[in-house]
Amino acid sequence: MSATMSGSGSAPCRFAHYFVICGIDNETGLEPDALAALYQWLEADRQGRDPEAVAAGENFDQSPLKRTFKSKVLAHYPENIECNPFDQDAVNMLCMPKGLSFRTQRDSRTPQFHSFLITREDGSRTYGFVHTFYEEVTSPQICSAMQTLLQMHQAEHNASAHNCPSSSSSSSSSSSSSSMDSLASSLDEVESPSSTSSSQGGRRSCGCSGEGYDSVRDTLYVSKAMCLITPMPFMHACKHFLSQVHRAVISHQPPPLPLESYIYNILYEVPLPPPGRSLKFHGVYEPILCQRPGVGELPLADFPLSEAFQLLGVENLVQIFTCVLLEMQILLYSQDYQRLMVVAEGITTLLFPFQWQHVYVPILPASLLHFLDAPVPYLMGLQSKEGTDRSKLELPQEANLCFVDIDSHCIELPEDFPQFPNKTEFIQELSEVLLSFGLSPEGGSASPEPAVSSQTSMLVKELKSTSLSELVDDRKNGNLGGEALDVLELLQVNPTLERLQALAKRTGVKVARLEALAAGQKAVGEEGVGGRSPAEEEELRNAKLNVQLREVFAARFATMFADYESFVIQNSPDLESWLTNREQMHNFDKASFLSDQPEPYLPFLSHFIETQMFATFIDNKIMSQWEEKEPLLRVFDGRIEKARLYNVRAPSLRSSVYQKCTFLKESAQAIEQRLRKIDHTAIHPHLLDMKIGQGKYQHGFFPKLQADVLASGPTNNKWSNRTCSTQRRVDRHRQQNDHLVLDNDLKEKYMQEARNLGKNLRQPKLSDLSPAVIAQTNWKFVEGLLKECKMKTKRMLVEKMGREAVELGHGEANITGLEENTLIASLCDLLERIWSHGLQVKQGKSALWSHLLHYQTREEKNEQLLESPVSNGQEKRKPESSVGLPALRVSVIQDMRHIQSMGEIKTDVGRARAWIRLSLEKKLLSQHLKQLLSNQALTKKLYKRYAFLRCEEEKEQFLFHLLSLNAVDYFCFTSVFTTIMIPYRAVIIPIKKLSNAMTTSNPWLCVSGELGDSGILQITKNILEMTFDCQNLGKLTTVQLGHDNSGLLAKWLVDCVMVRNEITGHMYKFPCGRWLGKGVDDGSLERVLIGEFVVPCNDDDGGRGSKTPPLQRSPSQIRRISITSLTGRGNKPTTVQIQESIGEAVNSIIKHFHKPEKERGSLTVLLCGEGGLVWALEQFFHHGFRSARIFQKNVFVWDFYERTVAFMENADQIGDLQETPEPLGLNCESFCRYVNAINNMPRNIGKDGKFQLLVCLGARDRLLPQWLPLLTECPIITRMYEENALLRDKLTVSSLIAVLETLHDFPITLESSLTKSVEL
């Protein structure tokens, strides 16, 4: 244990934590890979076969040379480190993801390099760098075991060959059993070009094709892996170190020092470079450089981005990057582990200042394939097999999947996801950076051959360069040679010494030592620039390119979120109260933030600010009030500050003009300076106190290292003590600053809970993989899905109710249509993930739609059997509150048929989303899904026992959460599918008691909505009901109703018109309550009726008592019996009420124009509906109006207008108006023109209709305030209005004029149903 402790003291500051060797254990011999066996068990379970019947591990279909065998961690040094405990299973699995692979002398045995990472529970990461090579098998037991296995395989094969059909069937079954692309096959398939893919295993002959193995004739080789585990991703340095160790193993000369010296050196004597510094340490043959960015720079990222861009091309990479930002499921697919790692790390690096918060497994071992079933966002890498077709790869869910086939340079994107802002200019800027480094932005062209061969060529180059200098006098081994090198460096830059040397040369004196040094140096770095080898030059170039590409990405975020701080809501007095209330609190003012952004950015940003990575970023910002700033946040805030100082940002906030990155040069310079001038050189490797004779060098074999020497580090290491003391100082300082009353454990618990909100597993546990653990994992998923459903529905309700509260006049709106759309899209995504969890067999890209189709097939069969129109147990919707319209049938199948008949939707995913939107709009989502899941036999057939949909209690809770959405009105189907044809049904309801229900005239109807109108529709006489198909009208606003006044019974008293959308079931009522006919009421033959949305009162909806207020109200029927007839009934509004109603009507119109354009709704309702401008002005003009019946005939306000016009025209002819001031004369002219135009139009809309039209036109053309003085000045007023009328009160009129003038700032447009056939 003392060793462990001495090792652990300085661990946080050490370059490497562990050195690991994995390979075959000669003691236990050949063991089939247990993980491969588990994988087969899982596969059998997935396909519904009996898992127990699957042979445990032995796969006789495959040649033993192609099978996977168990690898083991043979040794790791040191034993353990406190801050990073050694996880043996995980390391073994990731070092050799496919177990051991065997080769003979005929196969290619090129060494491979790959990296991996392990994410711990708290999100921190450890990196592993692995060099895999082949070593000759010396154990006779293993050789003979391999030969026996081969003979058994051959016998099995020959037996099956006699029976041809069975052989082909066995081969097909083998290929189907590996439906997840037979990931269990071993690493070799990738490397050896000779091997054919194992799906042809059944057809391959063994002995004769030269694939066999004869222990006498052939040499057997087995894979072995060396691995360095480090706290930071210094990929290049580790790669160089491991390849030098391997060179020492295969070199004919023993290395200058025992290998223990080099491994001890890197484990205990090489420190992590401090931020902003570079470090040189020594490998076996050459020095290795690494550098670490400073505090204000982008964090360390050593994986070559140039390779990621070359593999995928700029456009593809930006699309994948967008998917990652929106937290979709991303699956990388390649033959090469390192490519998977390079792309995964490259993309996550580019997220700065955000961090991926979900499952992150760049290399998914075959045994963890069930993790692709995870119903959560993930970023995973899957190794493909040579010659495998992508179409054969079955993935549990694809509705929200971004599939990246790295080797084919192609990607498959999820449907309709928003584009990254300024994508074109962004791609252009990235392309310019790549071109400046001589790389093609299209990618692919630079490295057409697979990575394997490029790695081989690299190795050949390395070997050439070593043989070139054949270790001249061991100059660069890091013993004396290294010090001599430093002397040379010192002498070469000293001007005095240079002059002395020149003088010495002229006089013929030789400075032998110096010249020898210089010659040696020249020999080693012959092709180098400035004393650096080509490899170092390449590395510098890569580092510069990396940082410049990252700067371009960082600059985009700095521009987009330059003002994010202004929208952070900080309302907690201390960290404790913030952590305890974290879930209930709004941390970011999303609505205000979005309203501040340029229009083109909104589709992307509205999705992005809903993600977990953005939430975590904002949480970190809030927590930085009480604790040290998270490093990424600190750098990002620094960037924004700097940009403000330079005033890089355009003055207008809403500008979407693209701004290029301005930090490219300086960021590249910082790296160059660090690499040109090394800040620290680590202690050179040196002889250790070792036992003689152990670890003897044997060419081609990795020696057994002396464990006691490597178990613990030096006790008197200066830098380790120094860094540890600074660490202690920081800790002390932190404890002093810790002004929290929370004890640390509790605080940590809160912090974790706060940070893990909405998150599931970061990374699967790689060690114990029993079916019980898998069940446990799935249970976590089920809980996570339920929690997510609860949060999403709650958010949708709160936002929507908040919106409606605002429409009723409370508080401020905090949801926009855009945001609502984002929430609904994320609900669709959640339902897809729930439906794809635990699927038995996947069919089509949408699991939900696939389930619905199965259900439809079954129900339609039942229907045929029963020959009844309604299938069993399907509820009918109760009749609506309306009269006259038959009830609409409630049926899952009916709604599916509506969706299936929509030609606009081409994919299953699209159909599923449309069905969800339709069900949500009809308030039937919960009921429909309950109906779908009530068929338990079907659910059992489609889903495994651990699936979410088979967890009864959770399923009930889930349906209950969805039921809560019935409390609000959504128009998410109508507003999205605007071009589809929709059947409507209209019914005209006359007032029956007055015996004028029948009419001899020919009625007609025209229905208008926010998206258009139906055109004039003739109605069959006395049927008064019709259905018609027309393109989606959106929310309905008005109905024009009229007749041709023919026949004896031409007068018609209509109560209302009802119109229903037959797909969504939305019903609108258009109250009328007045006569249509000549010589009755106001003589109108046509009326424009304003719609009101009828809220369905469904008892079985569970929405009782939680109805939302109607969206649009039309004037009540009482008013429609004409205000004139009410004036004598004693319920006149007071002057105060009239003035208030005018103010409210004008306010509503102003508010309408302050909403975003797409969310404004209908202006007609605000002008002509109940409480609208026309209604309010009608009250104003009726106040004190003398409507006494002269010979039983009503007098209307319109009569007053007509008389005023007649008076003006008369006065004009006499010449009385000549003396009036110029503007007044113009106003007279416009008033007369408008009134005459309305009177002369062919439509017969009655006097109240004409009044309505005049007010609307006056409001549109900004003339109302100019006409009012004319009416008050006109002498006719004294005859028609009483003394106390508001129209005769100068003060009231002038204040009304001021109120109406406020409308002049807004462009009022009128529906064609109002202005039809007016000639102005």
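The chain is numbered in sequence order, starting from 1.
Between the side chains of H240 and E539, a donor-acceptor pair is found at a separation under 3.5 Å. Counting only N and O atoms by type, the side chains of N546 and S306 include no donor and acceptor under 3.5 Å apart. Using modelled atom types, one finds a donor on one side chain and an acceptor on the other under 3.5 Å when comparing E345 with Y360. Using a 3.5 Å distance cut-off with no hydrogens or angles, the side chains of Y127 and D302 do not pair a donor with an acceptor. Side chain to side chain, H358 and Q612 fail the donor-acceptor criterion of an N or O pair below 3.5 Å.
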* To do: Check the pair F557, F636 against ring-ring contact (aromatic ring centres under 6.0 Å, His included), reporting the backbone distance first and the verdict last.
  => CA-CA 9 Å; F557 287 126; F636 187 66; 7.5 Å; no
* Using the salt bridge (charged side-chain N to carboxylate O under 4.0 Å, His left out) rule, take E297 and R550 through it: C-alpha gap first, then chi angles, then the decisive distance, then the call. => CA-CA 11 Å; E297 296 174 57; R550 291 171 67 203; over 6 Å; no
* **Criterion side chain to side chain contact (heavy atoms under 4.5 Å, CB included) on V359 and M380, from CA distance to verdict** => CA-CA 8 Å; V359 176; M380 300 204 231; 4.2 Å; yes
* Evaluate the criterion side chain to side chain contact (heavy atoms under 4.5 Å, CB included) for residue pair H131 and S243; output intermediate values, then yes/no. => CA-CA 7 Å; H131 186 93; S243 70; 4.2 Å; yes
* Report the C-alpha distance between C238 and T230 in whole Å, list the side-chain angles of each, state the deciding distance to 0.1 Å, and finish with yes or no for side chain to side chain contact (heavy atoms under 4.5 Å, CB included). => CA-CA 9 Å; C238 295; T230 64; 3.8 Å; yes
* Asked: Should F86 and H76 be marked as a ring-ring contact (aromatic ring centres under 6.0 Å, His included) after you check the CA-CA gap, both sets of side-chain angles, and the distance that decides it?
  -> CA-CA 9 Å; F86 187 72; H76 68 278; 3.8 Å; yes
* **Chi angles and distances behind the side chain to side chain contact (heavy atoms under 4.5 Å, CB included) call for V343, I347** => CA-CA 6 Å; V343 173; I347 287 174; 3.9 Å; yes
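At least one donor-acceptor pair under 3.5 Å links the side chain of H837 to the backbone N or O of F948. Although no hydrogens or angles enter the test, the distance criterion places no donor-acceptor pair under 3.5 Å between the side chain of E412 and the main chain of C402. Side-chain N or O atoms of Q357 include one that pairs as donor or acceptor with a backbone N or O of Q355 at under 3.5 Å. N316 places a side-chain N or O within 3.5 Å of a backbone atom of L312 that can act as its donor or acceptor partner. Judged by distance alone, the side chain of R292 and the main-chain N or O of P273 form a donor-acceptor pair under 3.5 Å.
For the atom pair CD (Q112) and OG (S101), the distance works out to 9.5 Å, reported to the nearest 0.5 Å. E628 contributes atom CD, which lies 13.0 Å from atom CE of M623 (distance to the nearest 0.5 angstrom). Once rounded to the nearest 0.5 Å, the distance linking CD1 of I288 with CD1 of I266 reads 6.5 Å. S71 OG to N92 CG: the interatomic distance, rounded to the nearest 0.5 Å, is 3.5 Å. The structure places CD of Q338 at 6.0 Å from CZ of F303, a figure rounded to the nearest 0.5 Å. A distance of 8.0 Å separates CD of Q88 from SG of C22, quoted to the nearest 0.5 Å.
F420 and F604 have perpendicular rings, their planes meeting at more than 60° on a 0 to 90° scale where under 30° would count as parallel.
Taking the six-membered ring for Trp, F588 and F614 have ring centres closer than 6.0 Å. Here the two rings, on F129 and H114, have centers that are 6.0 Å apart or farther.
Only one option out of Y564, F608, F553, F321 pairs with F354 in a ring pair (Phe, Tyr, Trp, His ring centres under 6.0 Å); it is F608. Checked against Q383 for a side-chain hydrogen bond (donor to acceptor under 3.5 Å, both in side chains), the options R339, K98, Q335 give a single hit: K98.
The heavy-atom pair separating L228 from A16 by the smallest distance is CD2-CB, 4.0 Å. Across all their heavy atoms, L633 and K621 have their closest contact at CD2-CA, 3.5 Å. Contact record, A847 with E832: N-OE1, 3.3 Å, taken as the closest heavy-atom pair. Between Y946 and G838, the shortest heavy-atom distance links the atoms CE1-CA, 3.7 Å. When every heavy atom of C323 is checked against every heavy atom of L413, the shortest pair comes out as SG-CD2, 3.8 Å. Nearest heavy atoms, Y18 versus P85: OH-C, 3.7 Å.
Side chains of M96 and S223 form a contact here, defined as non-hydrogen atoms less than 4.5 Å apart. F19 places none of its side-chain heavy atoms less than 4.5 Å from the side chain of L710. Residues M328 and L401 have side chains not in contact (no heavy-atom distance under 4.5 Å, counting atoms from C-beta outward). Under the 4.5 Å side-chain criterion, counting only non-hydrogen atoms from C-beta, F281 is not in contact with P271. M226 places none of its side-chain heavy atoms less than 4.5 Å from the side chain of V20. When side chains are defined from C-beta on, P377 counts as touching W356, because their heavy atoms get closer than 4.5 Å. Side chains of S624 and E630 form no contact here, defined as non-hydrogen atoms less than 4.5 Å apart. Contact annotation: the side chain of L350 approaches that of L317 to within less than 4.5 Å [non-hydrogen atoms, C-beta and beyond].
Around NZ of K790, the count of heavy atoms belonging to other residues, nucleotides or ligands within 6.0 Å does not exceed 12.
Ion pairing between a basic and an acidic side chain is recognised when a charged N comes within 4.0 Å of a carboxylate O; R639 and E551 show such pairing.
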